[in-house]
A.B. asks: 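This is the structure I want to talk about, given as structure tokens.
In what follows, chains are A, B, ... by sequence order, proteins preceding strands, each numbered from 1.
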Amino acid sequence: MRIDPTLLDDLEWRGLVAHSTDLDALRDALGQGSVKFYVGFDPTAPSLHMGHLVQILTARRLQEAGHTPYALVGGATGMIGDPKEAGERIMNAAETVQEWVGRVRGQIEPFLSFEGDNAATMVNNLDWTAPMSTIDFLRDIGKHFPVNRMLARDVVKSRLESGISYTEFSYVLLQSMDYLELHRQHGVTLQFGGSDQWGNLTAGVELIRRTESAKVHAIATPLMTRADGTKYGKTDGGALWLDPEMLSPYAFHQFWLNAEDVKIGELLRVFTFLSHEEIEALEARHAERPFLREGQKVLADEVTTLVHGADETEQAKAAAAALFGGGELSGLAGATLGAALREAGAIEVSSGAELPSVVDLLVETGLARSRGEARRTITEGGAYLNNHRVEDPEQVPTADDLLGGTWLVLRRGKKNFAGVEVR
RNA sequence: GGCAGGUUGCCCGAGCGGCCAAUGGGAACGGACUGUAAAUCCGUCGGUGUACACCUACGAAGGUUCGAAUCCUUCACCUGCCA
């Protein structure tokens with residue numbers, strides 16, 4: 001495996017290095033051979049999301065440049081949970097965490113190569129944490145953590161008023177121990193993670209310096225935020241999940257397609273493997289004619305392909321083209337329409353007696369949470385049947401409304417579609 | 001263990017016996033303008049029927065009262081001070 005000497009420059013160009021320990025020393029290390037690095041993922045949900053994707057893709061960039069990944073799934077740390085400002089976490093049941101370990105592992109594996117000189121390795125920190133005795137933990141690990149320094153960390157400081165349990169307070173010891181363990185067992189000398197992990201990353205570096213007198217490295221990727229500084233990824237279903245069961249490839253594709261203009265360059269750099277030249281050219285074209293939305297389209301296609309594959313991307317694109325085409329829906333071929341609606345989300349209704357009212361259909365398709373909300377939406381002029389605004393809250397679709405004899409297209413607002421298949 | 005303060009709708013946060021489904025801000029949703037962008041403006045924002053109504057809600061359970069988010073009792077949890 002050849003080592004790509006431009007790796008670190010590329011990461012910096014992409015804005016992926018928000019914090020770092022001695023960057024020159026890291027540059028030297030990366031130039032001298034395949035560096036063994038690790039990145040950890042805690043199973044705190046049944047799926048990873050957009051924030052984790054930054055780490056996964058960064059790991060892949062490092063591997064493609066010749067370095068050797070150790071992808072850690074936190075079977076142990078996931079049982080604890082790192083402290084966050086919002087407050088104490090609710091602990092998940094052990095069985096739940098173990099199930100999520102499997103799912104998370106399955107989501108990471110497709111992005112890494114497990115063959116060749118720098119094959120990736122999956123590890124689980126439960127393997128070395130569970131067998132350890134409390135005494136050993138306190139003597140071998142705890143001894144190296146001055147509480148006054150731990151208290152000075154921002155997350156902890158912010159929690160001193162509202163309260164923080166010893167459990168969460170101790171999280172940093174576990175993660176630091178992971179780095180130490182991987183360093184001892186496998187010679188890992190680089191850890192990276194999100195910038196919110198910076199405190200945990202440097203704690204590990206320091207633990208290794210204290211116990212092994214070794215100099216190891218850490219870098220943190222930036223936190224991705226919207227143009228107004230708020231967190232990304234809040235869609236209807238919650239976060240921007242990578243699991244297609246939790247967020248359809250269509251919805252995933254739509255998310256990127258709706259990216260803000262000012263974020264296009266940043267997102268292309270972080271989430272695609274396009275070259276510098278391609279990205280810069282695209283940015284230039286996008287700046288000149290933003291209304292063409294070329295940047296959003298390329299971004300959406302690239303990222304969806306990375307996560308869900310080319311086939312799913314094509315289907316998501318076709319669905320969007322059909323639904324957002326602007327033309328009369330009745331002009332669409334039945335098969336195209338059906339496929340598009342199934343992508344966007346569709347329900348089935350029996351053609352028995354009379355069709356449910358628009359209000360009921362809005363609720364059943366999930367476009368509205370309650371009948372009151374559905375009614376309100378219609379009153380506000382935000383409900384559409386087959387792309388025609390619904391004026392009457394009592395309206396009931398008739399057989400004449402069925403497109404191709406089977407489909408009703410419901411829309412709430414500008415971009416929330418749902419299909420109703422009558423059979 | 002003692003004393004003091006706190007627990008309000010998705011989040012923050014007012015309310016401190018009736019005029020409270022509960023002020024305000026944020027988030028979210030819809031409309032207008034647009035490019036499935038941003039910003040801006042307007043509207044909506046517990047549920048059922050929608051007119052007035054009813055139901056469920058202000059940590060939990062009881063109680064006082066014609067009437068309680070608001071007062072009392074007990075319990076749970078959180079914070080601070082003292083042991």
Side-chain angles (χ1 to χ4, degrees), chain A residues 83-91 156-168 225-240 250-268 282-283 285-301 304 316-327 329 340 343-345 357-360 362-363 365-385 387-395 409-418:
Chain A
K84 49 179 186 175
E85 285 199 20
E88 195 78 8
R89 289 173 186 270
I90 297 166
M91 286 198 288
V156 176
K157 256 194 288 184
S158 71
R159 287 281 298 278
L160 287 181
E161 276 292 308
S162 60
I164 179 168
S165 67
Y166 184 75
T167 308
E168 288 192 6
T225 58
R226 299 175 63 89
D228 60 10
T230 59
K231 271 207 251 176
Y232 252 121
K234 289 297 171 190
T235 62
D236 297 342
L240 191 82
Y250 168 80
F252 185 86
H253 186 260
Q254 282 288 308
F255 170 83
W256 299 99
L257 205 53
N258 281 302
E260 299 152 305
D261 286 341
V262 295
K263 286 284 167 178
I264 289 297
E266 185 183 328
L267 295 172
L268 284 168
L282 191 51
E283 277 183 300
R285 288 202 297 279
H286 189 79
E288 199 164 322
R289 289 199 264 177
F291 51 88
L292 292 181
R293 308 172 54 75
E294 189 185 351
Q296 278 94 338
K297 287 175 185 166
V298 173
L299 176 68
D301 292 353
T304 308
K317 279 172 73 174
L323 297 174
F324 288 97
L329 288 169
E343 280 291 312
S357 68
V358 173
V359 167
D360 288 328
L362 283 169
V363 175
T365 54
L367 288 178
R369 269 188 298 265
S370 66
R371 306 192 78 244
E373 187 174 293
R375 205 174 280 278
R376 244 180 270 126
T377 301
I378 295 175
T379 310
E380 290 169 349
Y384 305 79
L385 175 65
N387 274 356
H388 296 292
R389 180 173 282 171
V390 177
E391 309 282 353
D392 177 11
E394 308 298 329
Q395 184 172 338
V409 180
L410 281 164
R411 170 156 66 91
R412 178 178 179 185
K414 199 153 40 167
K415 41 196 173 187
N416 299 304
F417 286 93

A.B. asks: Which part of the nucleic acid, if any, lies within reach of A:Y384 when heavy atoms closer than 4.0 Å are counted: base, sugar-phosphate only, or nothing?
C.D. replies: sugar-phosphate
A.B. asks: Using a cut-off of less than 4.0 Å, is there contact between a side-chain N or O of A:K317 and OP1 or OP2 of B:rU36?
C.D. replies: no
A.B. asks: Testing the basics here: between A:F252 and A:L240, what is the closest heavy-atom pair and its distance to 0.1 Å?
C.D. replies: CE1-CD2, 3.9 Å
A.B. asks: Return the value, rounded to whole Å, for the distance between atom CZ of A:R289 and atom C1' of B:rA38.
C.D. replies: 20 Å
A.B. asks: I'd like the C1' distance from B:rG26 over to B:rG17, given in whole Å.
C.D. replies: 31 Å
A.B. asks: Rounding to an integer number of angstrom, what distance separates B:rA21 and B:rA68 when you compare their P atoms?
C.D. replies: 12 Å
A.B. asks: In whole angstrom, what separates A:F324's CZ from B:rG35's C1'?
C.D. replies: 12 Å
A.B. asks: To the nearest Å, give me how far apart CG (A:L292) and P (B:rU34) are.
C.D. replies: 17 Å
A.B. asks: Have a look at A:A383 and say if it touches a base, only the backbone sugar-phosphate, or nothing, with a 4.0 Å heavy-atom cut-off.
C.D. replies: nothing
A.B. asks: Work out how far the P atom of B:rG63 is from that of B:rA14, and round it to whole angstrom.
C.D. replies: 31 Å
A.B. asks: How would you label the contact of A:R369 with the nucleic acid (heavy atoms, under 4.0 Å): base, sugar-phosphate, or nothing?
C.D. replies: nothing
A.B. asks: Please determine whether a side-chain nitrogen or oxygen atom of A:R376 lies at a distance below 4.0 Å from atom OP1 or OP2 of B:rG47.
C.D. replies: yes
A.B. asks: State the pairing partner of B:rG18; accept Watson-Crick or G-U wobble contacts with both distances under 3.5 Å, and report none otherwise.
C.D. replies: B:rC66
A.B. asks: For nucleotides B:rC71 and B:rC77, find the distance between their P atoms and express it as a whole number of Å.
C.D. replies: 23 Å
A.B. asks: With a 4.0 Å cutoff (strictly under), does any side-chain N or O of A:K297 reach OP1 or OP2 of B:rG35?
C.D. replies: no
A.B. asks: Under a 3.5 Å cut-off for both distances, is B:rC41 Watson-Crick or wobble paired, and to whom?
C.D. replies: B:rG31
A.B. asks: Using whole Å, report how far CD of A:E373 lies from P of B:rG9.
C.D. replies: 19 Å
A.B. asks: When the nearest nucleotide of RNA chain B is assigned to A:H286 and to A:R371 on a heavy-atom basis, which residue is associated with the more 5' position?
C.D. replies: A:H286
A.B. asks: For A:N416 and B:rG30, is the shortest distance between a side-chain N/O and OP1 or OP2 below 4.0 Å?
C.D. replies: yes
A.B. asks: Counting N and O atoms only, with roles assigned by atom type, does the side chain of A:Q296 sit under 3.5 Å from a partner on the main chain of A:A259, one being a donor and the other an acceptor?
C.D. replies: yes
A.B. asks: P atom, B:rA38 versus B:rA32: distance in rounded Å?
C.D. replies: 16 Å
A.B. asks: Tell me the interatomic distance from A:L362, atom CG, to B:rU44, atom P, rounded to whole angstroms.
C.D. replies: 20 Å
A.B. asks: In whole angstrom, give the distance that lies between atom CD1 of A:I378 and atom C1' of B:rG31.
C.D. replies: 15 Å
A.B. asks: Give the minimum heavy-atom separation between A:R412 and A:A368, together with the two atoms involved.
C.D. replies: NH1-CA, 3.9 Å
A.B. asks: In the strands shown, is B:rU36 matched to any nucleotide by a Watson-Crick or G-U wobble pair with both distances under 3.5 Å, and which?
C.D. replies: none
A.B. asks: Shortest non-hydrogen contact from A:I378 to A:V390?
C.D. replies: CG2-O, 3.6 Å
A.B. asks: Is the base of B:rU34 touched by the side chain of A:K414 through a donor-acceptor pair closer than 3.5 angstrom?
C.D. replies: yes
A.B. asks: Please determine, for B:rG80, whether a Watson-Crick or G-U wobble partner exists with both distances under 3.5 Å, and give it or none.
C.D. replies: B:rC3
A.B. asks: Return the nucleotide paired to B:rC10: Watson-Crick means purine N1 to pyrimidine N3 with N6-O4 or O6-N4, wobble means G-U with N1-O2 and O6-N3, both under 3.5 Å.
C.D. replies: B:rG26
A.B. asks: For nucleotides B:rC66 and B:rU74, find the distance between their P atoms and express it as a whole number of Å.
C.D. replies: 24 Å
A.B. asks: Quick one: do A:E260 and A:K263 make a salt bridge, cutoff under 4.0 Å?
C.D. replies: no
A.B. asks: Work out which heavy atom in A:L367 is nearest to a heavy atom in A:E373; give both atom names and the distance.
C.D. replies: O-OE2, 4.4 Å
A.B. asks: Starting at atom CD of A:E380, determine the distance to atom C1' of B:rC45, rounded to an integer number of angstrom.
C.D. replies: 9 Å
A.B. asks: For the side chain of A:R293, starting at C-beta, report the closest nucleotide among B:rA32, B:rU36, B:rU34.
C.D. replies: B:rU36
A.B. asks: Using the P atom as the point on both nucleotides, what is the distance between B:rC54 and B:rA22, in whole Å?
C.D. replies: 14 Å
A.B. asks: Using a 3.5 Å distance criterion without hydrogens, assess whether the side chain of A:R411 forms a donor-acceptor pair with backbone atoms of A:G413.
C.D. replies: yes
A.B. asks: What is the distance, to the nearest angstrom, from the CG atom on A:L299 to the P atom on B:rU36?
C.D. replies: 17 Å
A.B. asks: Can you tell me the pairing partner of B:rG46 across any strand shown, Watson-Crick or G-U wobble, with both distances under 3.5 angstrom?
C.D. replies: B:rC55
A.B. asks: Looking for any heavy atom pair under 4.0 Å, which part of the strands does A:Q296 touch: base, sugar-phosphate only, or nothing?
C.D. replies: base
A.B. asks: For atom C1', what is the distance between B:rU44 and B:rG59, given to the nearest Å?
C.D. replies: 30 Å
A.B. asks: Would you find a donor on one side and an acceptor on the other, under 3.5 Å apart, between the side chain of A:R371 and the backbone of A:V359?
C.D. replies: no
A.B. asks: Hey, which sits more toward the 5' end of RNA chain B by its nearest nucleotide, A:S370 or A:G381?
C.D. replies: A:G381
